[in-house]
Structure formats: C-alpha cells, structure tokens
Amino acid sequence: MRREIVKTLSNIATLLELKGENSFKIRAYKTGSDIIENFSGDIEQIAKDEKLDEIKGIGKALASKIQEIINTGKLSYYENLKSEFPDSIFELFDISNLGPKKIKNLYDNLKIDSIEKLEASCRSGEISQISGFGEKSVAKILEAIAFRKDNAKFFRTGDIAPIAEIILNLLKKLPQVSQAKIAGSYRRGKEIVHDIDFIVATKSPVEVIDQFTKMVEVDEIISKGKTKSSIRLNNGLQCDLRAVKSSEFPFALSYFTGSKAHNIRMRSLANSNEYTLNEYALIQKNKNEQIPIQNETELYEKLGLTYIPPALREGQGEIEASQNSTLPNLVKIDNLKGTFHNHTTASDGKNSLEEMANAAKDLGLQYLGISDHSKSSVQANGLSADRLLNQIDEVKKYNNNIEDNFKVFSGVECDILKNGNLDYDDSILSQLDYSVASVHSSFSLTEKEMTKRVIKAIENPFVTMIGHLTGRLLLIRKPYDINVSKIIDACAENNTIIEINANPRRLDMDWRWWKHAKDKGVKCSINPDAHKIEHFQFLHFGIKIAQKGWLESSDVVNCLPLGKIEKLLNLKK
DNA sequence: GCCGTTTTCGGCCCGACTGTTTTCAGTCG
C-alpha cells in the first residue's frame, strides 16, 4: 500500500510537470512521496486515526488523497490526470536530457508519446521542425535511446535483491524442496542482472514448478516443463527455475552459477583429469561412472582445486590462483570496522548526525565518518565553510559524550570543481579528519580534462579518498570520460584511497578495476554513501563488489580498527 | 500544495551547463 501511495504521488508530480503546473505544487507532491516512502511508522494506522496532516510536509490536500488511496485503492484525481496523457509517456522521462517541457513539446506538436515514436521522429528528421531540437540534441537523444535499449533488459541487483530473496524463501519452504539456491550472475554478485536462476533439489519437480508458476508476483509464464520453467514477474524480471535431484544439485548449482568462461575452464580441467562434467554429474570417462559429490567444495577438490567463491568465477585467473593456492582470502562484511561517506540532515540526508552515529554503533561498527555535501552542491544543501566548522564542533560534542570504543570522524564530501580545485580552501579542509572528493558537475569534459581535473584533487594532501570515481548511475547514466588507469596510478603515487561506493545504483569504482588497483597498492574504502540509516545495508553490496575485485581485508581501510584508522587518516597530511 | 516567533499571504533552493532560440529555456544535481 505504501508503495502504491509513493508511486501515485510521484507520478502526479510528473504529470503536473508535464502540464506546466506551479513548480512548488509539484514539489509538494514529490516531497510528499519521499516523506511517505521514508516515514518510519504505520502509515495506514495514521490514516485511520486521521492524523496524516500532522506529518510535516503532508497538508490537508495530500492527506485526503492518501486517505482515498488507502480506502479505495484508487485516486480519482490521479485517474483524471492520467487520462490526459498516454501511459507510455512516462518512459520518455528515462531519456536523459529530456525533461517535462521538451516532452510536452514533443507530445503537443508531434504526438510523440513513446520512445519508439521519438526514435522514428529523430531518424526521419521530423523532430527538427520543433525549436529546441537541433543536430546535437537529436544525436544525444538517439544515444540515450540506444543506451536504454541495451540496458532495458537488465536490472540493478540491488533493486531486485528483495524479490529474489522472497522467492528463494518461498521455494525453500515448499515441503517437496530439500535445497534451494540462487545461481547465475546474481550469485556471482554482478552489479546488474538480466534474469535470476533458481536451482532446487526435489523429488517432485512438477509440483515445485507448478507452485513456482503460481506465485502472486508472476505476470507471464514463458515456459513450463517437467524440470524447468521460466516466468516473468510483474516488474518485468525473468526468473528461471531448474529442478534437479538432490545428487545433481551441486553440479547444477555450479553449472548455472557460471560464468561461462569459468565453466569452460572447469570442463576442460575435468577433461584433462579423465572426467566429463555437465550440469548433472561428474563422470569418470573410462568407467562411465558417476562420481558422488555432496557440495561444490568437493567438486572443486575432485578437479584439483580449492573452493572458488562465486564472486571470483569470472574467468579472470581464478582457476590458476586456486591451483597455486594464491586465491585471496576475500574481505567479508564482518571485517568492516567503520565506514566513511555518509550524509546527515545537515545536507541531503534523512537522519541526524546522532541518529546516524548511533545506528552505526548499533551495527557493531567502531567508527563512522560524516561527509555531508560541500557548498557548491546547492541542490543538496551543501555546507558553507561556517556550517562545516560548526559540524566539526558538533562531532566533537558527540564524541565527548560517547564511550571511547566508538568515534565519529569529521569529514566532507567535497566537490571537485571544474578546474580541479576543491570546494573549500585548504585552511578549512585541514581542520577535518578526512575528506571524500567527488565530481558532481561538468560531466561532459573530455577524458583528458576530466582526468587532469580529478588528478589535481588526488594530489591535494587534504583529499583522503575519491568518491564514486566515474559518476555512473547503473542503467541510467554512463560513466563520464575519465582515464581510470591514470587515476589509479595517481592514487598509488599520492596515497589517495578510492572508494567503492556501495549504493546499488553506483557500485563505483567498478569491480573490474580493483584487482589492478590492488596490484598497484591502492587502498579501498567501502562506503554506503548513506543518506539514511537504512542505507548502511548497502555495505553488503559493496562487499560483493570488493570480493569481485579480489580484495582482502588488508586492502580495505575501513577494516582497520579504530586505533589504526586514526593513524592512517593522519598519514597523508 | 505546504507552511507560519514575518501566521491566512507570500515565499518556497538555485547555480552550472548545454544547445541554440544570439540572450535564454530546459535540464540536472
């Protein structure tokens, strides 16, 4: 129900934008949607008690609309608004550089109400009839459409993790199922996936598959057979189920976990050991005899390997490392002792400094770095130098009132300005315990300019680490042009840390660079970029990315205990 | 549409960037 309210209010905001309504009215709906989404409490109960308008930001109008949604499951105001535009028009907002005004213009003048029509209009040149759509704009739109097409069949792992775990638990609970696991790229911890593979061990595959296809979330049954089935959920995500015998389970799990490259190596290794390996069994060639295996560890052992964690199964040398016993001892969530890059209500966070700190402490962390936005990030209520200095005092007060086994560090997420300068003078930065330097503007510089810009920040002695290095938003926005290799070299030279931004929309720097960075001696900080206490959970996604980058706890600075991290933070200064 | 020690109207965040309409509108964060 809450999701329904949140979605409805935010869709109303979009539709009002299209209609060119008063921007403050639009904002009221947007913030209303945010408030309901983040509200900690039983919104339906509050509606019942008729106390919705006591929530700050929810006035009489929104309260009665929310009430109507809760009571009737619908909202006539919204239905009426919706009827003015085709449903498909929402997808145009997925194209970057297209906002409400341009979309309205396209719709009014050329009846463009879908991405398909938009693309056709760009290609035919028809679109240039409208003012505001010159050559460069058209090229950008086509690029954005292509980007969306390439990525449309993918989902961010962080977005679909909740539903994946729900389905897994549903399968596990079926009486016919003895084992159930998620395989595929999800299990390998990829940042985006295009489907989810479930493997179950069962004696009654037909019954299990029947249950699988009858789940409430199923929108479409793509295929349904005796041992496997594919469905599409109502969010568009495809899920495959494979039902095997208990004895086949480890083979199926291994095979469907992949990656393809990893599987090829595994099979050829089996071959050279006089075995045949497929998704059901390991067979001794000369005797045509199946080798009984209990779990994946035993399968790896039969092939002369130590167990390879799923995160490493990308065909990046993990087989050789396993043979040579040089596999990394991968960092785990329990190794994290603290975290940097977290926001509070001082800038655009939802929880106060104290709430954030207490939550971190409750999670068993020993320290928390607070890094609100800097002054140039006006949209995020970035802190003026004075406000930042005040926050330093606030942190000191907090630390004075808390036991010695926990500490808050004063930091900032400092904008790297277009010319590579930082958003505060060194005299301000030097008063902080650390800083995260990030790019939030001028994304369109050339690779050369952008690389120079960020390296200038890396060389600043008061920059502790670089935040979300490439600025990418998975499936939404490409990374900006930057020479990551040169950045890594500069970080190695200047003792500057690179973060893994664990927000599931970012997961930046990409795991594909981390093995290289580690070899160069660059340290990592796994940061949730938390804007509220719930976001500390993002650390789980960050850990997966670190694992995919072969990182061990010694590579990750926030695995250091409190005493040692303090020394490290002082090192660069 | 929301809010209120300036309380029933008037203010609400705003600067940078981009392309293009060459003086600014639209988008973005």
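Heavy-atom basis, side chains included; hydrogens, waters and symmetry copies ignored. Here is the naming used below: chain letters follow the sequence lines, and residue numbers restart at 1 for every chain.
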Spacing of the P atoms in B:dT21 and B:dG26 (rounded, Å): 13 Å
Would you mind classifying the nucleic acid contact of A:Ala380 as base, sugar-phosphate or nothing, using non-hydrogen atoms under 4.0 angstrom? nothing
Using the ring of A:Tyr107 (Phe, Tyr or Trp, six-membered ring only), decide whether A:Lys111 places NZ or CZ under 6.0 Å from its centre and within 45 degrees of its axis. yes
Lys/Arg N to Asp/Glu carboxylate O, A:Lys19 vs A:Glu84, below 4.0 Å: yes
C1' spacing across the pair B:dC28 / B:dT22, given as an integer number of angstrom: 23 Å
Rounded to whole angstroms, how far apart are NZ on A:Lys375 and P on B:dA16? 12 Å
Whole angstrom value for the distance that separates P of B:dC2 from CD1 of A:Ile12: 11 Å
Nearest-nucleotide check on DNA chain B, A:Gly134 vs A:Asn22; residue mapping nearer the 5' end is A:Asn22
Between the side chains of A:Glu143 and A:Lys478, is the shortest nitrogen-to-carboxylate-oxygen separation below 4.0 Å, so that they form an ion pair? yes
Can we say A:Lys397 and A:Glu354 salt-bridge, meaning some charged N sits less than 4.0 Å from an Asp/Glu carboxylate O? no
Per the under-4.0 Å heavy-atom filter, residues of residues 66-92 of chain A near DNA chain B come out as none
Would you indicate what A:Lys30 reaches in the nucleic acid, counting non-hydrogen atoms under 4.0 angstrom: base, sugar-phosphate, or nothing? nothing
is_close_aromatic(A:Tyr424, A:Phe462), centroid dist under 6.0 Å: no
Euclidean distance for C1', B:dC3 against B:dT7 (whole angstrom): 9 Å
Would the distance check show the side chain of A:Asp433 and the main-chain N or O of A:Ser410 forming a donor-acceptor pair, the cut-off being under 3.5 Å? yes
So, are A:Lys51 and A:Asp49 salt-bridged, with charged N and O less than 4.0 Å apart? no
How close or far is atom P of B:dC14 from atom CG of A:Asp348, stated in whole angstroms? 16 Å
Letter per nucleotide, 5' to 3', of nucleotides 3-9 of chain B [B base touched, S only sugar-phosphate touched, - untouched; heavy atoms, 4.0 Å]: S------
Produce the list of close N/O pairs, under 3.5 Å, pairing protein atoms with atoms of nucleotides 27-29 of chain B; give distances to one decimal.
{"unit_1": "B:dT27", "atom_1": "OP1", "unit_2": "A:Gly99", "atom_2": "N", "d": "2.5"}
{"unit_1": "B:dT27", "atom_1": "OP1", "unit_2": "A:Gly99", "atom_2": "O", "d": "2.8"}
{"unit_1": "B:dT27", "atom_1": "OP1", "unit_2": "A:Lys102", "atom_2": "N", "d": "3.0"}
{"unit_1": "B:dT27", "atom_1": "OP2", "unit_2": "A:Lys101", "atom_2": "N", "d": "3.1"}
{"unit_1": "B:dT27", "atom_1": "O5'", "unit_2": "A:Gly99", "atom_2": "N", "d": "3.4"}
{"unit_1": "B:dC28", "atom_1": "OP1", "unit_2": "A:Asn97", "atom_2": "N", "d": "2.6"}
{"unit_1": "B:dG29", "atom_1": "OP1", "unit_2": "A:Arg477", "atom_2": "NH1", "d": "2.2"}
{"unit_1": "B:dG29", "atom_1": "N3", "unit_2": "A:Gln379", "atom_2": "OE1", "d": "3.4"}

Could you tell me how far apart A:Glu135 (CD) and B:dT21 (P) are, to the nearest whole angstrom? 12 Å
C1' atoms of B:dT5 and B:dG1, separation to the nearest Å: 23 Å
Got a sec: does the NZ of A:Lys515 have more than 12 other heavy atoms crowding it under 6.0 Å? yes
Please classify the nucleic acid contact of A:Ser441 as base, sugar-phosphate, or nothing, using heavy-atom distances under 4.0 Å. nothing
With both distances under 3.5 Å as the test, what is the Watson-Crick or G-U wobble partner of B:dT8? none
Looking at A:Lys25, I'd like to know whether one of its side-chain N or O atoms comes within less than 4.0 Å of OP1 or OP2 on B:dC12. no
Classify A:Thr31 by what it touches in the nucleic acid, base, sugar-phosphate, or nothing, heavy-atom distance under 4.0 Å. nothing
Scan for salt bridge (charged side-chain N to carboxylate O under 4.0 Å, His left out) pairs involving residues 112-131 of chain A, sequence neighbours excluded, and state none if there are none. A:Asp113-A:Lys117, A:Glu119-A:Arg123, A:Glu119-A:Lys149
Nucleic acid contacts - residues 410-420 of chain A versus DNA chain B, non-hydrogen atoms under 4.0 Å: A:Lys418
Using a strict 4.0 Å threshold on nitrogen-to-oxygen distance, state whether A:Arg387 and A:Asp372 make a salt bridge. no
Could you tell me whether A:Lys65 sits above the aromatic face of A:Tyr77, with NZ or CZ closer than 6.0 angstrom to the six-membered ring centre and within 45 degrees of the axis? yes
Less than 6.0 angstrom from the centroid, inside 45 degrees of the normal: does A:Lys102 satisfy that with respect to the ring of A:Phe133? yes
Pair A:His440 and A:His373, ring centroids less than 6.0 Å apart: yes
For A:Phe24, enumerate each residue passing the ring pair (Phe, Tyr, Trp, His ring centres under 6.0 Å) test, keeping only those at least two apart in sequence or located in another chain. none
